[in-house]
Amino acid sequence: VHALRELERLLGRVEADDLDAEARALARVLCGFFDGTARIHHEDEERVVFPPLLSGTDVELIQHVRRLQQDHSWLEEDWRELRPQLVAIAEGIDLHDA
């Protein structure tokens, strides 16, 4: 939740055309989180948590796990689209020129 709030804060900075050193640092932190912590968390769930749940007999639980797997897939797609823009901000590249 914290990372999403920070992403929203950065979006406000983008909209205000206020991409100073602090905004670039925030973009680097967010890239690190979504490339690292979030991705590792999802990989761990896929590898460790989900398989035993999917091998059970609780149909409702299996449906929830499948939904989480789909959510992971969508989040990854969204991140692949968003990442280049955050990297550009982090590197100080003017988004108007990109």
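Since we're looking at a predicted model, the values are computed, not measured. Computation of the quantities below employed the complete heavy-atom set of this structure, encompassing side-chain atoms and omitting hydrogens, waters and symmetry-equivalent molecules.
In terms of the side-chain contact (heavy atoms from CB on, under 4.5 Å) criterion, residue partners of Glu77 (sequence neighbours excluded) are, by chain and number, Ser73, Trp74, Arg80. Looking at residues two or more places apart in sequence or on another chain, you find a side-chain contact (heavy atoms from CB on, under 4.5 Å) between Ala25 and Arg28. For Asp58, there are no side chain to side chain donor-acceptor pair (under 3.5 Å) partners, not counting sequence neighbours. For Arg66, the side-chain contact (heavy atoms from CB on, under 4.5 Å) partners two or more places apart in sequence, or in a different chain, are Leu54, Ile62, Gln69. Remark: Arg13 pairs with Asp18, Asp20 by the side chain to side chain donor-acceptor pair (under 3.5 Å) rule, at least two apart or across chains.
Residues Val29 and Glu6 have side chains not in contact (no heavy-atom distance under 4.5 Å, counting atoms from C-beta outward).
Pairs passing the salt bridge (charged side-chain N to carboxylate O under 4.0 Å, His left out) check and including a residue from residues 38-49, sequence neighbours excluded, read Asp35-Arg39, Arg39-Glu76, Asp44-Arg47.
Contact detail for Ala90 and Ala27: the closest heavy-atom pair is N-CB, 3.7 Å. Pairing each heavy atom of Cys31 with each of Trp79, the nearest pair is CA-CH2, 4.0 Å.
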Pair Leu11-Glu15, side-chain contact (heavy atoms from CB on, under 4.5 Å): steps then yes or no: CA-CA 6 Å; Leu11 177 59; Glu15 290 172 348; 3.8 Å; yes
Dump the intermediate steps for side-chain contact (heavy atoms from CB on, under 4.5 Å) on Leu7 and Leu86, then the final yes or no. CA-CA 10 Å; Leu7 188 57; Leu86 280 182; 4.1 Å; yes
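A donor-acceptor distance shorter than 3.5 angstrom exists from the side chain of Arg24 to the backbone of Leu19, with no hydrogens or angles considered.
Under the 6.0 Å cut-off for aromatic ring centres, Phe50 and His72 qualify, their centroids lying closer than that.
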